[in-house]
Amino acid sequence: MNALNERPARAQRVLHLDFPRSALFNRRRELQADLASGVARRVFLGSSDEAVSVERLYLENGSVVIRKVMTEDRFADAEELVSIFGQRIDAPVPIVLRTDARELYMELMPGRPAGLVLPGLSAEAAAPYVRTVGGLLLGVIDAATANDDRHEFNWQISDGGLVWGIDHASVDVEDGVENDDGIMLPGAGSSSSPFAEHWLVRNSSWEETWKTNALHPLDAERLIKQAISMQGEFQARGYDHWWLVIVKRLEAIEEYAKGETPWLKPRQAARPTILGECNSRSSKSTDHSARPSK
């Protein structure tokens, strides 16, 4: 197979990219119901510049969730918006339930940090995981949001080689810069994510540039459709500019999409069950707005 059209390994799940909004609502509601059962035990995990505290909560109904109290509203905004974006494109990131300006509850992702599974993590060791479908979609998030914080402890590996992204509080999409042809450039530092290598490289001047990728243009169109559907979520939180930059970065990925056949499948009746998740729901898809003008 030509390397240009080599597809990521299908180790992570079949993708269906017309994610019903009501399905996301149902999963949040189920997380809320879990919390309502009460907390049996708390384990303090630590703190950071972005979070005053991070806890693992063991609930009375047997569920386990993560609770974060952020140091600033903007960090909570980033966690919430990246989660919603990830769910819309079926990426392996946690559902987030926001209960206050700075308080978040989220799904516990399976597995262990990559830095523990693969000590001294190298690009060669990470490659089999980066090449999964889940890894490709984490790369979509990281390239679109200019995530420069996908270090080896901000993604996890579970049984079967599945990958999961965590900790998106430090994401800052910023205003974005377009080139003379009107194509949105990658965000500074986004190439530090091993998953973003699907979409970009650093040139001889050490600047991030887009590269030819294995997506079919129809695949990219489906990703863009889901990003466009999030406009209201971003507007409601005062991040209109983030939304526009994300859509335009996805359009840049589309410009370089040279795959021969589509492989991201339109969503069918139900969302596939994945490891660590047993609460699927189905709903009719909704129509979305047209693309923003360039």
Side-chain angles (χ1 to χ4, degrees), residues 45-55 66-87 89 91-96 98 102 104 106-109 111-123 125-127 129-130 132 134-158 163-177 184-202 206-208 227 234 237 239 241-243 245-246 249-250 253:
L45 301 179
S47 60
S48 66
D49 291 342
E50 295 84 14
V52 175
S53 68
V54 180
E55 299 175 296
I66 297 295
R67 176 179 179 263
K68 292 185 178 183
V69 178
M70 315 310 292
T71 57
E72 298 180 36
D73 293 4
R74 64 188 178 97
F75 296 136
D77 292 335
E79 284 275 20
E80 188 177 29
L81 287 170
V82 171
S83 172
I84 296 170
F85 178 35
Q87 301 307 318
I89 66 171
V93 297
I95 288 287
V96 169
R98 190 170 184 173
R102 300 183 182 180
L104 305 170
M106 56 189 66
E107 294 174 310
L108 176 68
M109 294 287 94
R112 294 191 300 149
L116 296 180
V117 177
L118 304 168
L121 183 63
S122 65
Y129 306 98
V130 170
T132 63
L136 182 145
L137 289 172
L138 286 182
V140 170
I141 289 176
D142 292 348
T145 65
N147 183 12
D148 63 357
D149 195 37
R150 185 70 72 196
H151 56 73
E152 66 269 27
F153 289 91
N154 275 355
W155 61 282
Q156 299 188 170
I157 301 171
S158 65
V163 298
W164 310 87
I166 60 172
D167 292 344
H168 302 105
S170 63
V171 163
D172 187 356
V173 178
E174 300 182 335
D175 294 334
V177 177
M184 185 65 67
L185 299 176
S190 51
S191 63
S192 63
S193 164
F195 301 101
E197 72 172 31
H198 290 287
W199 321 113
L200 51 88
V201 294
R202 280 181 167 167
W206 211 240
E207 298 169 330
E208 284 91 353
F234 281 80
R237 295 163 179 80
Y239 290 86
H241 59 299
W242 277 24
W243 170 78
V245 171
I246 286 171
R249 284 185 180 142
L250 292 177
I253 289 173

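When a residue number appears, it is its place in the shown sequence, counting from 1.
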Exercise for review: With sequence neighbours excluded, tell me which residues meet ring pair (Phe, Tyr, Trp, His ring centres under 6.0 Å) with Phe195.
Suggested key: Trp155
**Study point:** Least distance between heavy atoms, Val171 atom then Ala78 atom
**Key:** O-CB, 3.8 Å
Review point. So do the side chains of His198 and Val130 get within less than 4.5 Å of each other, counting heavy atoms only?
Key: yes
Review point. Considering the options Glu79, Glu55, Glu50, which one meets the salt bridge (charged side-chain N to carboxylate O under 4.0 Å, His left out) requirement together with Lys68?
Key: Glu79
**Study point:** Distance (rounded to the nearest 0.5 Å) between Leu104 CG and Phe75 CZ
**Key:** 12.5 Å
Point to revise | Partners meeting side-chain hydrogen bond (donor to acceptor under 3.5 Å, both in side chains) with Asp149 (sequence neighbours left out) | key: Asn154, Ser170
Exercise for review: Side-chain contact test, heavy atoms from C-beta onward, threshold under 4.5 Å: evaluate it for Leu116 versus Ile157 and give yes or no.
Suggested key: no
Review point. Can you check whether Leu118 reaches Tyr129 side chain to side chain, under 4.5 Å on heavy atoms?
Key: yes
Exercise for review: Check whether any side-chain heavy atom of Ile95 sits under 4.5 Å from a side-chain heavy atom of Met106, and report yes or no.
Suggested key: no
**Study point:** Non-hydrogen side-chain atoms of Met109 and Ile66 separated by less than 4.5 Å
**Key:** no
Point to revise | Side chain Glu174, main chain Gly187, donor-acceptor under 3.5 Å | key: no
Point to revise | Taking every non-hydrogen atom, the tightest pair across Phe85 and Ala227 | key: CE1-CB, 4.2 Å
Practice item. State whether a side-chain donor-acceptor pair under 3.5 Å links Ser190 with Glu208. Key: no
Check your understanding: Stepwise, does the side chain to side chain contact (heavy atoms under 4.5 Å, CB included) test hold for Ser192 with Asp148?
Key -> CA-CA 6 Å; Ser192 63; Asp148 63 357; 3.7 Å; yes
Study note, to complete from the structure: CD1 of Ile84 to CD1 of Ile89, rounded to nearest 0.5 Å, is 13.0 Å
Practice item. State, yes or no, whether a side-chain contact exists between Arg150 and Pro194 at a heavy-atom distance under 4.5 Å. Key: yes
Review point. Stepwise, does the side chain to side chain contact (heavy atoms under 4.5 Å, CB included) test hold for Leu200 with Ser191?
Key: CA-CA 7 Å; Leu200 51 88; Ser191 63; 3.3 Å; yes
Practice item. Kindly give the heavy-atom pair with the smallest separation between Glu152 and Leu121, and that separation in Å. Key: CB-CD2, 3.6 Å
**Study point:** Side-chain heavy-atom pair Gln156, Ile166 within 4.5 angstrom cut-off
**Key:** yes
Exercise for review: Would you sort out whether His241 and Val173 count as a side chain to side chain contact (heavy atoms under 4.5 Å, CB included), showing the intermediate values?
Suggested key: CA-CA 8 Å; His241 59 299; Val173 178; over 6 Å; no
Point to revise | Results of salt bridge (charged side-chain N to carboxylate O under 4.0 Å, His left out) for Arg102 - residues two or more places apart only | key: Asp73
Check your understanding: Short question: side chain of Ser83, backbone of Pro94 - any donor-acceptor pair under 3.5 Å?
Key -> yes
Check your understanding: Going by heavy atoms in the side chains, are Phe234 and Ile246 under 4.5 Å from each other?
Key -> yes
Review point. Any idea which heavy atoms bring Val93 and His168 closest together, and the distance?
Key: CG1-CE1, 3.7 Å
Review point. What pair of heavy atoms forms the shortest contact from Gly86 to Ile141, and how long is it?
Key: CA-CD1, 3.8 Å
Review point. Sub-3.5 Å donor-acceptor pair from the side chain of Thr71 to the main-chain atoms of Asp49, do we have one?
Key: yes
Point to revise | Stepwise side chain to side chain contact (heavy atoms under 4.5 Å, CB included) check, Val54 with Arg67 | key: CA-CA 6 Å; Val54 180; Arg67 176 179 179 263; over 6 Å; no
Review point. With sequence neighbours left out, what residues match Glu80 under side-chain hydrogen bond (donor to acceptor under 3.5 Å, both in side chains)?
Key: Arg98, Arg237
Exercise for review: Not counting sequence neighbours, which residues clear salt bridge (charged side-chain N to carboxylate O under 4.0 Å, His left out) with Glu207? List them please.
Suggested key: none
Check your understanding: Residues in ring pair (Phe, Tyr, Trp, His ring centres under 6.0 Å) with Tyr239, at least two apart?
Key -> Trp242
